[in-house]
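This is a predicted model, so every value here is computed, not measured.
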Amino acid sequence: MSSIIICARFRPLSSRERRDHGDESCIRRLDAETFIFKDEKQEECAFSFDRVFYEGSEQADVYEFLALPIVRDALNAINGTIITYGQTGAGKTYSMEGPNISDCDEKKKGLLLRVVDELFKGIKISEDTSRYTIKLSMVEIYMEKVRDLLDLSKDNIQIKESKVHGILLSGVTENGIANRAVGETQMNMASSRSHCVYMFTVQRETIDRRMRTGKLVLVDLAGSEKIEKTGAEGRILEEAKTINKSLSALGNVINALTSGPSSKGNHIPYRDTKLTRLLQDALGGNSRTALLCCCSPSPANASESLSTLRFGARHVNLKAKHIKASPRLGCKEDNNNNKHGALTQDKDVSSERILDELRKKLDEEDVKLLEELFILEGIFFNLSSVEDLESAYEDVTLQTISSLQQTVNELVLTVDELKRERETLKARLRAAEGSNEFHRQSAETMSFWHKILDFGSLISKFRLLFHVNKVN
């Protein structure tokens, strides 16, 4: 398959659009890949994509063409990214999540739920004996801040870059949707006000302890919108400005990638926004990328739909350009057995050289620990220079800190649980002590009455003896 797939999807007309414009549509279907679009000036232009999903398309059709090949590649350590793009209310979140991510029938399930099902299905039917681990991180980019949706206390996560592992989110939870920032505009009653990013990390450990990693990223972009149409004001207006700025920056990155060499040295402005920075590994390079341009077929939204389609058309040009490869996550597996043997030999020599350098600066026990960590993460398969060593060392440090933070959080939860159990045991102990005191007092009372009864019996005996003596 091509490394980039561009598709367009038109949702059905809404009740408001039918009320204001009837069944009029601004698109005319030619085939499954091409259509004619009529703009606000009634001028027609043709657009072609890898696939066009018209109003009657099913969720399964979109998934099988757009996402299924990328999911299968992720299981083989090839990175993939799926992006939904379009104006507010064009059907991006419906395509990504379906009508309700927590309760949805099979027919309406979005890309996200189908991706999860396919990941576990692919592992289940796998014939090899590899051990798989799947980690999920969920973040949103809101007002240029990256927030962890699995731990809302982490509301400003820093984005870091590694030569070995690519783009990393420092301290992100790897383990919800309901925590995503939404707001109401005139375009949509529940307009998403943030970019939502789902990051699946698929680790595959083979019998010989080789670790291969693939990253699968799903991005539900916030809706692009015109301020005068959405009726945004106050904070909603500021949100709209930030959203449009980040989407514009994404377009600038696309333009830079497709424009070829320039006088500025072909600078790619990844660092302009958090969105483009986070997607740096996904745009071009060795990753598999899929873009779904979601549009409204109504003439009332012709201007916004045209902008979305032009964005997708620019991205199509990536297929015909030579793009500088970005760092790829995971390790490459050579299909040639002879090359694999040579690679293994070079790897062993490189590993020993790196370990010798580490022994000059660290204790032997620390070096052994780092060696185990390097092997576990598959880092030795990529190192070839001192710069790679330093980068790998930094990566392991970041990963160790993240693991320690997660362990600390688990310990805190365990301590809290133990405190609750201690209080429960104390209450039980107090109840038991009270019960023992009650039994002790009861025993003393019974003993007292036994003594009185014994004394009464003794008196009776004396009386009987006295009576007998008197008779005698």
Side-chain angles (χ1 to χ4, degrees), residues 97-104 112-113 116-117 119-120 123-124 131-140 142-143 145-158 168-183 190 193-194 196-203 205 365-366 369 372-373 376-377 396-458:
E97 302 172 6
N100 190 332
I101 194 172
S102 59
D103 184 17
C104 182
L112 178 61
L113 295 179
V116 174
D117 291 343
L119 284 174
F120 286 98
I123 293 174
K124 185 176 180 180
R131 180 177 180 270
Y132 288 88
T133 302
I134 299 179
K135 298 178 181 179
L136 169 64
S137 299
M138 297 168 52
V139 300
E140 71 166 2
Y142 175 69
M143 299 292 285
K145 286 188 177 181
V146 181
R147 183 174 70 156
D148 191 338
L149 292 178
L150 297 177
D151 185 353
L152 297 184
S153 63
K154 301 175 182 178
D155 57 358
N156 192 15
I157 296 177
Q158 300 302 310
L168 299 173
L169 292 174
S170 179
V172 70
T173 303
E174 291 180 321
N175 149 265
I177 305 302
N179 294 324
R180 187 181 180 187
V182 298
R193 314 304 298 163
S194 62
C196 191
V197 184
Y198 312 89
M199 294 175 290
F200 295 90
T201 303
V202 183
Q203 293 181 334
E205 184 178 1
E365 293 183 359
D366 295 336
L369 177 61
E372 292 177 0
L373 289 172
L376 181 62
E377 295 298 329
V396 173
T397 302
L398 290 174
Q399 293 169 14
T400 304
I401 292 174
S402 178
S403 299
L404 289 174
Q405 288 176 341
Q406 187 172 355
T407 303
V408 169
N409 292 335
E410 293 175 354
L411 287 174
V412 169
L413 294 176
T414 303
V415 169
D416 291 339
E417 184 177 353
L418 289 175
K419 287 182 178 179
R420 290 193 294 270
E421 291 181 358
R422 184 184 64 179
E423 294 300 324
T424 301
L425 290 174
K426 283 185 176 180
R428 291 180 179 178
L429 182 60
R430 287 193 294 268
E433 290 176 348
S435 177
N436 291 336
E437 180 65 21
F438 174 77
H439 288 305
R440 187 184 63 78
Q441 292 179 357
S442 298
E444 290 179 354
T445 303
M446 292 299 295
S447 176
F448 175 74
W449 285 111
H450 282 305
K451 289 180 181 179
I452 291 177
L453 292 175
D454 292 342
F455 183 71
S457 177
L458 183 62

Visitor: So, Glu140 and Ser194: side-chain donor and acceptor under 3.5 Å apart, yes or no?
Guide: yes
Visitor: Please set out all donor-acceptor pairs under 3.5 angstrom arising from side-chain atoms of residues 415-431, sequence neighbours excluded.
Guide:
unit_1	atom_1	unit_2	atom_2	d
Thr424	OG1	Arg420	O	2.9

Visitor: Is there a donor-acceptor pair closer than 3.5 Å between any side-chain N or O of Lys154 and the backbone N or O of Arg147?
Guide: no
Visitor: Would you check if the side chain of Gln158 reaches a backbone N or O of Asn156 as a donor-acceptor pair within less than 3.5 Å?
Guide: yes
Visitor: CG/Leu168 to OG/Ser137 distance, rounded to the nearest 0.5 angstrom?
Guide: 10.5 Å
Visitor: Nearest 0.5 Å, please: how far is NZ in Lys145 from CG in Asp155?
Guide: 6.0 Å
Visitor: Is there side-chain contact between Leu149 and Cys196, with heavy atoms separated by less than 4.5 Å?
Guide: yes
Visitor: How far does CD1 of Ile134 sit from CZ of Phe200, to the nearest 0.5 angstrom?
Guide: 8.0 Å
Visitor: Is there a donor-acceptor pair under 3.5 Å between the side chain of Thr173 and the backbone N or O of Leu150?
Guide: no
Visitor: What's the separation between atom CD in Glu205 and atom OG1 in Thr133, rounded to the nearest 0.5 Å?
Guide: 7.5 Å
Visitor: Take Leu119 and Val202 through the side chain to side chain contact (heavy atoms under 4.5 Å, CB included) test and state the conclusion after the steps.
Guide: CA-CA 9 Å; Leu119 284 174; Val202 183; 4.1 Å; yes
Visitor: What is the distance from atom CG of Leu169 to atom CD1 of Ile157, rounded to the nearest 0.5 Å?
Guide: 6.0 Å
Visitor: Taking the side chain as everything from C-beta on, heavy atoms only, tell me whether Tyr198 gets closer than 4.5 Å to Glu97.
Guide: yes
Visitor: Just verifying a value: how many Å separate Gln203 CD and Arg131 CZ, rounded to the nearest 0.5 Å?
Guide: 9.0 Å
